[in-house]
Amino acid sequence: MGKHISSTKLTETLTLSECSDGFWLYDETRGMNLSMRAKTPQDAFVECISYYQGRLSKVENEHRELTAKVDAFVSQFVEGGDD
């Protein structure tokens, strides 16, 4: 990170910092920078959104796979009601 110029607290958990090497967007909930050395604040936000889109897609896929496994497991113990 270059020399710190200014910071803006956007929310309780998001801070946008301008440094000599660009804009940095920090997320306290993840404990990480979501954007580093972006040329503009808008570029930092786009990088952040892109990261969260990828993360959401991954989590949704994992949830779908887990749901299918749980459903398959539970179906082994479900008795037919018409028998």
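Position 1 is the first residue of the sequence, and the numbers go up from there. The shown structure was predicted, so the numbers you read here are calculated from the model rather than taken from an experiment.
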For the hydrophobic clusters of this structure (ILVMFWY residues joined by side-chain heavy atoms under 4.5 Å, transitively), does one cluster hold both [X] and [Y]?
X   : Y   : answer
Y26 : F45 : no
M36 : I5  : no
L25 : M32 : yes
Y51 : V59 : no

>> Tell me every residue that passes side chain to side chain donor-acceptor pair (under 3.5 Å) with S50, counting only those two or more places apart in sequence or in another chain.
In response: none
How far does [atom1] of [X] sit from [atom2] of [Y], to the nearest 0.5 angstrom?
X   : Y   : atom1 : atom2 : result
N61 : K58 : CG    : NZ    : 10.5 Å
L14 : T29 : CG    : OG1   : 7.0 Å
T11 : E28 : OG1   : CD    : 8.0 Å

> Around E12, counting heavy atoms of other residues, nucleotides and ligands shown, do more than 12 lie under 6.0 Å from its CD?
Replying inline: no
> Can you name the closest pair of heavy atoms from A38 and A44 and give their distance?
Replying inline: CB-N, 3.5 Å
>> Once side-chain hydrogen bond (donor to acceptor under 3.5 Å, both in side chains) is applied, what residue pairs with a partner in residues 66-76 remain, sequence neighbours excluded?
In response: none
>> A side-chain contact here means heavy atoms from C-beta on lying under 4.5 Å apart; do F23 and S35 qualify?
In response: no
>> The test is side-chain contact (heavy atoms from CB on, under 4.5 Å); show your working for C19 and W24 and say whether it passes.
In response: CA-CA 7 Å; C19 299; W24 296 62; 3.9 Å; yes
> So, Y52 and D27: side-chain donor and acceptor under 3.5 Å apart, yes or no?
Replying inline: yes
> Can you list every pair that meets salt bridge (Lys or Arg N to Asp or Glu O under 4.0 Å) and has a residue in residues 30-57, with sequence neighbours left out?
Replying inline: D21-R37
>> I'd like to know if the side chain of T8 reaches the main chain of L10, judged simply by a donor and an acceptor atom lying under 3.5 Å from each other, with no hydrogens or angles considered.
In response: no
